[in-house]
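Have a look at the structure below before the remarks.
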Amino acid sequence: MSAKSNEHSTDHDKLPIRMLHDRVLVRQDTSEGERRSGGGILIPATAAVGRRLAWAEVVAVGQNVRTVEAGDRVLYDPEDRAEVEVRGTAYVLMRERDLHAVAADRFEGSEDSTGLYL
């Protein structure tokens, strides 16, 4: 095996990544541990909760994604996800249609905004 072919096999860690079609790559919020209720009660991470959706930050989007941009926060179902690790950081890969909501500054004052804020 030549030195050049051996060198090529380790270069894949440095390749740029582009999302395809309607794919969205997000970074999960790290606040999956204990949380507090609106009244200040501490809820442990092990507490049984119904189907709970999660927020994440969009890192990259495919060329056919229309409603989400990098930097937006999105609401998704953590049960329907495909995880991937890139350079030691865990990400979630999903389709745009699997997102339930998008939160971004650009929606402030628009007609389709709910008036709710994070």
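Across every non-hydrogen atom of L99 and V68, the tightest pair is CD1-CG2, 3.6 Å. Here the shortest heavy-atom pairing between A70 and V59 reads CB-O, 3.7 Å.
Atom-to-atom distance recorded for Y76:OH and H100:NE2 is 10.5 Å, nearest 0.5 angstrom. The CG atom of L53 sits 10.0 Å away from atom CD of E79, with the distance rounded to the nearest 0.5 Å. Remark: L93 CG to L20 CG distance equals 9.5 Å, nearest 0.5 Å. Here CG of D22 is found 7.0 Å from CD of E96. Values are rounded to the nearest 0.5 Å. Here the straight-line distance linking atom CE of M94 with atom CZ of R23 works out to 11.5 Å at 0.5 Å rounding.
Legend: residues meeting side chain to side chain donor-acceptor pair (under 3.5 Å) with N64, ordered by chain and number and at least two apart, are absent. A search for side chain to side chain donor-acceptor pair (under 3.5 Å) contacts involving E83 returns R81, not counting sequence neighbours.
Side-chain contact between V86 and Y91: present, with at least one pair of heavy atoms (C-beta onward) separated by less than 4.5 Å.
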* Evaluate side-chain contact (heavy atoms from CB on, under 4.5 Å) for D77 paired with D98, printing each intermediate quantity in order. => CA-CA 8 Å; D77 185 355; D98 294 332; over 6 Å; no
* To do: Give the C-alpha distance, both sets of side-chain angles, the deciding distance and a yes or no for side-chain contact (heavy atoms from CB on, under 4.5 Å) between V24 and V74.
  => CA-CA 10 Å; V24 179; V74 293; 5.5 Å; no
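The only option from V84, V58, V92 that meets the side chain to side chain contact (heavy atoms under 4.5 Å, CB included) definition with L25 turns out to be V84.
Note on R27 versus E57: salt bridge recorded, some NZ/NE/NH1/NH2 to OD/OE distance being below 4.0 Å.
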